[in-house]
Number of protein chains: 2
Amino acid sequence: MRNKKTSPLSGVTVLERLRDAGLRPTRQRLALAKILFARGHRHVSAEQLFNEAKSSRVDVSLATVYNALHDFTGKGLLREISIDSSSSYFDTNTGNHHHFYFERSGHLEDIPSEHVNISALPEAPGGAEITRVDVIIRVKA
Amino acid sequence: MRNKKTSPLSGVTVLERLRDAGLRPTRQRLALAKILFARGHRHVSAEQLFNEAKSSRVDVSLATVYNALHDFTGKGLLREISIDSSSSYFDTNTGNHHHFYFERSGHLEDIPSEHVNISALPEAPGGAEITRVDVIIRVKA
DNA sequence: AAGCAGTTTAGAATAGTTCTAATAATAGAT
DNA sequence: ATCTATTATTAGAACTATTCTAAACTGCTT
Ligand SMILES: [Mn+2]
Ligand SMILES: [Mn+2]
Ligand SMILES: [Zn+2]
Ligand SMILES: [Zn+2]
């Protein structure tokens, strides 16, 4: 049997992260989570993650990539961002923050929420509860 | 020959609006523009507009609806909004403003830009020019 | 009226995503 | 370790919003 801790720091951490979220740490989920959470925050599309998995010799189907992304999102490990309606991004940064969107490249870059000061938020009609506030700054680049 | 001014106020106005934008006022574009701009600001999807056209006995193809929406957007008569990656909305309000998004119904509601005070905007990396700032407040309703 | 560029159209094509239903793996109990 | 129920994975089909194609048509200028 293989050692469960394949990478210095992230191996066990990722496994625990999945367990804590109530997600079975399957081989596929572990591999994908490792790609997603190995280093700093990222914004990835399903296709991107699928390709990175293939590059890392992780044998996983596209359907599983979608399943995992949605499962992770459902458990709060990721956050889904729709910007250009052609595809979604999944953000490993689930904290309160905003984005620069580079229209040419399709690249997303985080803006810490402290750097954007929103005031005078109107109350949601009918006292509806606010789920999330997204600020997207589109830049021509 | 029919009277060009079919509706009390909007007939000629819509025609001029298209001409001023450099768009040929074809039968289809006129009919669609009339639906879009007849009354106050709206947020419509392509499919919605297509259906409204059919209801108004305007014979227009779906491809033309898409063409018109994009042409209008390109000329600044509409603004395209992507929220949920399943489809885009086209907004007849092209001025600076933001949105409430009602997740349950998919409805969009304008927020005047004066009601949202954004301060401390970080400079775009590399001095890139800001195209637009979108604030979307998602509410659970 | 003629000619041309711009527009419309039906239907095919595309692409991201979801679904299906069969197979496989996991967790927990024995 | 084995058994079992539950959950996950998968290939490929299906779905859906949107775009493309290329042929027919129309608005505009002369
Ligand atoms: Mn999704
Ligand atoms: Mn579009
Ligand atoms: Zn982010
Ligand atoms: Zn609006």
Side-chain angles (χ1 to χ4, degrees), chain A residues 1-2 4 14-35 43-54 57-75 77-78 80-90 106, chain B residues 1-2 4 12 14-33 35 43-54 57-75 77-78 80-90 106:
Chain A
M1 196 180 272
R2 293 264 181 67
K4 283 172 184 168
V14 164
L15 191 146
E16 282 170 352
R17 205 154 172 173
L18 294 183
R19 275 211 216 288
D20 291 353
L23 292 167
R24 284 191 185 175
T26 63
R27 182 176 56 77
Q28 292 86 344
R29 281 176 179 162
L30 278 168
L32 294 173
K34 222 172 269 180
I35 293 173
H43 307 94
V44 290
S45 68
E47 203 71 29
Q48 265 171 58
L49 181 56
F50 181 57
N51 287 328
E52 291 189 29
K54 283 198 289 197
R57 302 161 177 280
V58 174
D59 194 25
V60 64
S61 74
L62 182 57
T64 296
V65 169
Y66 275 103
N67 289 342
L69 286 171
H70 286 138
D71 292 343
F72 291 3
T73 301
K75 297 299 187 177
L77 268 44
L78 291 175
E80 190 171 358
I81 304 178
S82 291
I83 289 206
D84 123 318
S85 107
S86 66
S87 82
S88 338
Y89 290 91
F90 292 85
Chain B
M1 194 179 277
R2 295 263 181 68
K4 284 174 186 166
V12 167
V14 164
L15 191 147
E16 283 169 352
R17 204 154 171 173
L18 293 182
R19 275 212 217 289
D20 291 353
L23 292 167
R24 282 195 189 171
T26 63
R27 181 176 56 77
Q28 293 86 342
R29 281 176 179 163
L30 279 168
L32 294 173
I35 293 173
H43 307 93
V44 289
S45 68
E47 202 71 27
Q48 262 171 61
L49 181 56
F50 181 58
N51 287 327
E52 290 188 29
K54 282 198 290 197
R57 301 163 177 282
V58 174
D59 193 24
V60 64
S61 74
L62 182 58
T64 296
V65 170
Y66 275 102
N67 289 341
L69 286 171
H70 285 138
D71 293 343
F72 291 2
T73 301
K75 298 297 188 178
L77 266 47
L78 291 175
E80 190 171 358
I81 304 180
S82 291
I83 290 206
D84 126 312
S85 107
S86 67
S87 82
S88 342
Y89 290 91
F90 292 85

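Any value given below was found using the heavy atoms of this structure, including those in side chains, with hydrogens, waters and symmetry copies removed. Letters A, B, ... mirror the listed sequences (proteins, then strands); counts begin at 1.
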Discussion item. Of the listed nucleotides (dA11(D), dT18(D), dT7(C)), which one gets closest to any side-chain atom of Arg29(B)?
Written reply: dT7(C)
Worksheet item: Nearest to the side chain of Arg24(A), which nucleotide is it out of dT18(C), dT26(C), dT9(C)?
Response: dT26(C)
Worksheet item: To the side chain of Leu62(B), which of dT18(D), dT10(D), dT18(C) is closest?
Response: dT18(D)
Fill in: Shortest side-chain distance from Arg19(B), nucleotide among dC28(D), dT18(D), dT8(C)
dC28(D)
Worksheet item: Considering only side-chain heavy atoms of Thr26(A), which listed nucleotide, dT9(C), dA8(D), dA11(D), is closest?
Response: dA8(D)
Practice prompt. State plainly whether the residues Arg29(A) and Asp71(A) are in salt-bridge range, i.e. N to O under 4.0 Å.
Written response: yes
Worksheet item: Given dT19(D), is OP1 or OP2 found less than 4.0 Å from the side-chain N or O atoms of His70(B)?
Response: yes
Item to complete: Choose from dT18(C), dT7(C), dA17(D) the nucleotide whose nearest atom is closest to any side-chain atom of Tyr66(A).
Response: dT18(C)
Discussion item. Between Phe90(B) and Thr73(B), is there a side-chain heavy-atom distance shorter than 4.5 Å?
Written reply: yes
Worksheet item: Start at the 5' end of DNA chain C and walk down; is the nucleotide closest to Ser85(B) or to Asn67(B) reached first?
Response: Asn67(B)
Worksheet entry | Proximity to the side chain of Thr64(B) - top-ranked nucleotide from dT9(C), dT7(D), dT18(D) | dT9(C)
Response to the item:
Ranking Pro25(B) and Ser88(B) by the position along DNA chain D of their nearest nucleotide, the one closer to 5' is Ser88(B)
Worksheet item: For the side chain of Arg27(B), counting heavy atoms from C-beta on, which of dT17(C), dT9(C), dT18(D) is nearest?
Response: dT9(C)
